[in-house]
Amino acid sequence: MKNKLLNGIIFSSAGSFWWGIIGVFYFKHVSFAGPVELVIHRTIWTAFILLLSITLYSRWYFFFEVLNKRKKLFMLFISGLLIFINWFTWIYAVVTNRLVDASFGYYIFPILSVLFGFIFFEEKLNKGRIISILLVLISIIYLLFNFKSIPWIGLTVAITWSTYNLLRKKINVQTDIGLFIESIFIVPIALILFYLILQKGLNDFSFSNPSIMFWLFLAGPMTVIPLYLYLRGVELAGLGATGMVFFIAPTGQFLLGIFYFNEIFTVHKLIGFIFIWIAVIIYLKDLNQNK
C-alpha cells in the first residue's frame, strides 16, 4: 500500500514538474511561432498522439461507446472549447512573459473547483474550505481594484480549467478517450486558423525546415505525457495526495517567472498572492486531514 502511494506521488510529481518547469522551457523555446500557431500545433499533434495510443492499446471500443451518447458528445464539445481557450491563454502567458499571472490561475483553480463542487454537486464545505474560497475571492477583488488592468490571464486560466474539470467529472469518460474526442472537435478550428496564417505567410511550420517541424510536433507529446503521468498518479495515490502535489506546477511557473525570466512583480501582486498562498495552505491542510 505504501509503495502504491509512493509511486502515485512520484508519477504526479513528475507530471506537475513537467507542467511547471519542462513545459515552460519548451514553449519558451518555440515562442518564435507565436501563441496562435503554437495552440494550433498543440491541438493537432495532441490528437495525432492520442490516435496512435488508442490504436496501439486497442481502445477503440471505448471511443465508439461514447459516440453513441449525444449528451456526452455535446458536453465534450463544450469542454473541448474550454481546453482550447485554456491552452491558448497559458501559451500566450508564456510567450508574452506573463507566467506569474498564469501561476495565479493555477493556484486558485483547485479552490474554485471546490466551490463548483459545492454549487453543482452539493459537495460539503467545511470551515477550512469556506475560508480558502473567501480568501481567493478577496484576492481576486483586491487585484481587480488595484491592477492597472484586470488580471484576465489568471482568471481565464482558472475559470476555464475549473469548468473543464467540472464538465469532465459530470461526463465520466476515460481521460484519453475524452481528450481525443475533444481534440476531434477543435482540430477543425485549428486547421482553419492554420489556413488563415498560411494565407498571410505568417506560419513557421514548413516542410522546407524539418528542424522547426520537429520542434512544433513536440507540442503533442508535451501535452499528453504530463497528463498521463499526473493521472496515473491519481489512480495510484488518490486525489488527496496528488491534489497537494499539483501545486508544484504553479510554484514552478511562479519561480521561473520571477527569478529566471525577470517578470515584473508589483507590491499589489504580492499582496494578492499572499491571500492566495494562505488559502492554498488552508486547502492543503484540509486535504491532508481528509485524505
Side-chain angles (χ1 to χ4, degrees), residues 12 15-16 19 71-90 93 101-144 150-175 178-179 181-182 185-186 227 230-231 233-235 238-250 253 272-273 275-291:
S12 289
S16 298
W19 278 324
K71 185 177 178 180
K72 282 192 175 183
L73 284 176
F74 175 74
M75 294 182 75
L76 284 168
F77 170 72
I78 300 300
S79 62
L81 293 177
L82 288 169
I83 199 69
F84 188 77
I85 295 168
N86 180 272
W87 285 351
F88 174 80
T89 306
W90 186 82
D101 292 352
S103 71
F104 176 84
Y106 284 116
Y107 271 125
I108 67 175
F109 124 74
I111 299 168
L112 282 184
S113 294
V114 170
L115 176 60
F116 287 170
F118 169 72
I119 295 171
F120 296 101
F121 290 103
E122 299 182 355
E123 294 177 356
K124 293 182 180 179
L125 291 178
N126 56 27
K127 183 179 177 181
R129 294 184 180 186
I130 292 172
I131 293 172
S132 293
I133 291 168
L134 289 175
L135 286 170
V136 165
L137 295 176
I138 290 169
S139 176
I140 292 170
I141 293 168
Y142 175 81
L143 291 175
L144 285 174
I150 295 173
W152 66 271
I153 288 178
L155 292 177
T156 302
V157 164
I159 291 169
T160 54
W161 193 237
S162 300
T163 310
Y164 174 81
N165 280 274
L166 171 72
L167 287 178
R168 288 300 298 268
K169 187 174 181 179
K170 290 181 74 71
I171 296 168
N172 190 27
V173 63
Q174 295 179 57
T175 303
L179 186 57
I181 294 172
E182 289 165 349
F185 282 129
I186 60 178
L227 181 64
Y230 186 79
L231 291 175
V234 171
E235 290 175 8
L239 285 171
T242 53
M244 299 180 200
V245 165
F246 170 80
F247 287 101
I248 292 173
Q253 293 173 21
F273 267 89
F275 283 118
I276 294 303
W277 289 329
I278 294 172
V280 167
I281 290 169
I282 295 170
Y283 172 77
L284 290 177
K285 184 178 179 182
D286 179 72
L287 280 181
N288 187 53
Q289 292 174 343
N290 293 283
K291 67 181 180 179

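Atoms considered below: every heavy atom in the structure, side chains included; atoms not considered: hydrogens, waters and symmetry mates. This one's a predicted model, so the numbers in the text were calculated from it and none came from an experiment.
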Between Ile153 and Ala93, the two heavy atoms sitting closest are CG2-CB, 3.8 Å
Minimal heavy-atom distance between Gly233 and Ser12, with the atoms involved, is CA-OG, 3.1 Å
Once you round to the nearest 0.5 Å, how far does CH2 of Trp277 lie from CD1 of Ile282?
15.0 Å
I need the Leu144 CG to Tyr142 OH distance, nearest 0.5 Å.
12.0 Å
Between Ser16 and Ile248, what is the shortest heavy-atom contact and its length?
CB-CB, 3.8 Å
Which pairs pass side chain to side chain donor-acceptor pair (under 3.5 Å) with one or both residues in residues 105-119, sequence neighbours excluded?
Asn86-Tyr106, Tyr107-Thr251
Find out whether Leu284 and Val280 are in side-chain contact, i.e. whether some heavy atom of one side chain is under 4.5 Å from a heavy atom of the other.
yes
Short side-chain to backbone donor-acceptor contact, Ser162 and Phe109, under 3.5 Å
yes
Please round to the nearest 0.5 Å and tell me the distance separating atom CD1 of Ile171 and atom CG of Leu166.
9.5 Å
Using a 4.5 Å cut-off on heavy atoms from C-beta on, say whether the side chain of Leu125 contacts that of Ile133.
yes
Just wondering, more than 12 heavy atoms not from Phe77 lying within 6.0 Å of its CZ?
no
Just verifying a value: how many Å separate Thr163 OG1 and Ile159 CD1, rounded to the nearest 0.5 Å?
7.0 Å
Please examine the side chains of Phe116 and Lys169, heavy atoms only from C-beta on, and report whether any two atoms are closer than 4.5 Å.
no
In Å, rounded to the nearest 0.5 Å, how long is the span from CG of Leu143 to CG of Asp101?
9.0 Å
Ile186 and Ile83, any side-chain heavy atoms less than 4.5 Å apart
yes
Centroid separation Tyr164 to Trp161 less than 6.0 Å:
yes
Close side-chain approach of Ile140 and Ile108, heavy atoms under 4.5 Å:
yes
Has the side chain of Thr160 got a donor or acceptor atom that lies under 3.5 Å from a matching backbone atom of Val157?
yes
Just jot down the side-chain hydrogen bond (donor to acceptor under 3.5 Å, both in side chains) partners of Asn165, sequence neighbours excluded, or say none.
none
Which pair of non-hydrogen atoms, one from Lys72 and one from Asn172, has the smallest distance, and what is that distance?
NZ-O, 3.6 Å
Looking at Ser79 and Glu182, what are the two nearest heavy atoms and their distance?
OG-OE2, 2.7 Å
Within the 4.5 Å heavy-atom criterion, are Trp90 and Trp19 side-chain neighbours or not?
no
Specify the closest pair of heavy atoms between Arg129 and Asp286, including all atoms of both residues, with the distance to one decimal.
NE-OD2, 2.5 Å
Just checking Phe74: does its CZ atom have more than 12 heavy atoms from other residues, nucleotides or ligands closer to it than 6.0 angstrom?
no
With distance as the sole test, does Ser139 use its side chain to make a donor-acceptor pair with the main-chain N or O of Val136 at under 3.5 Å?
no
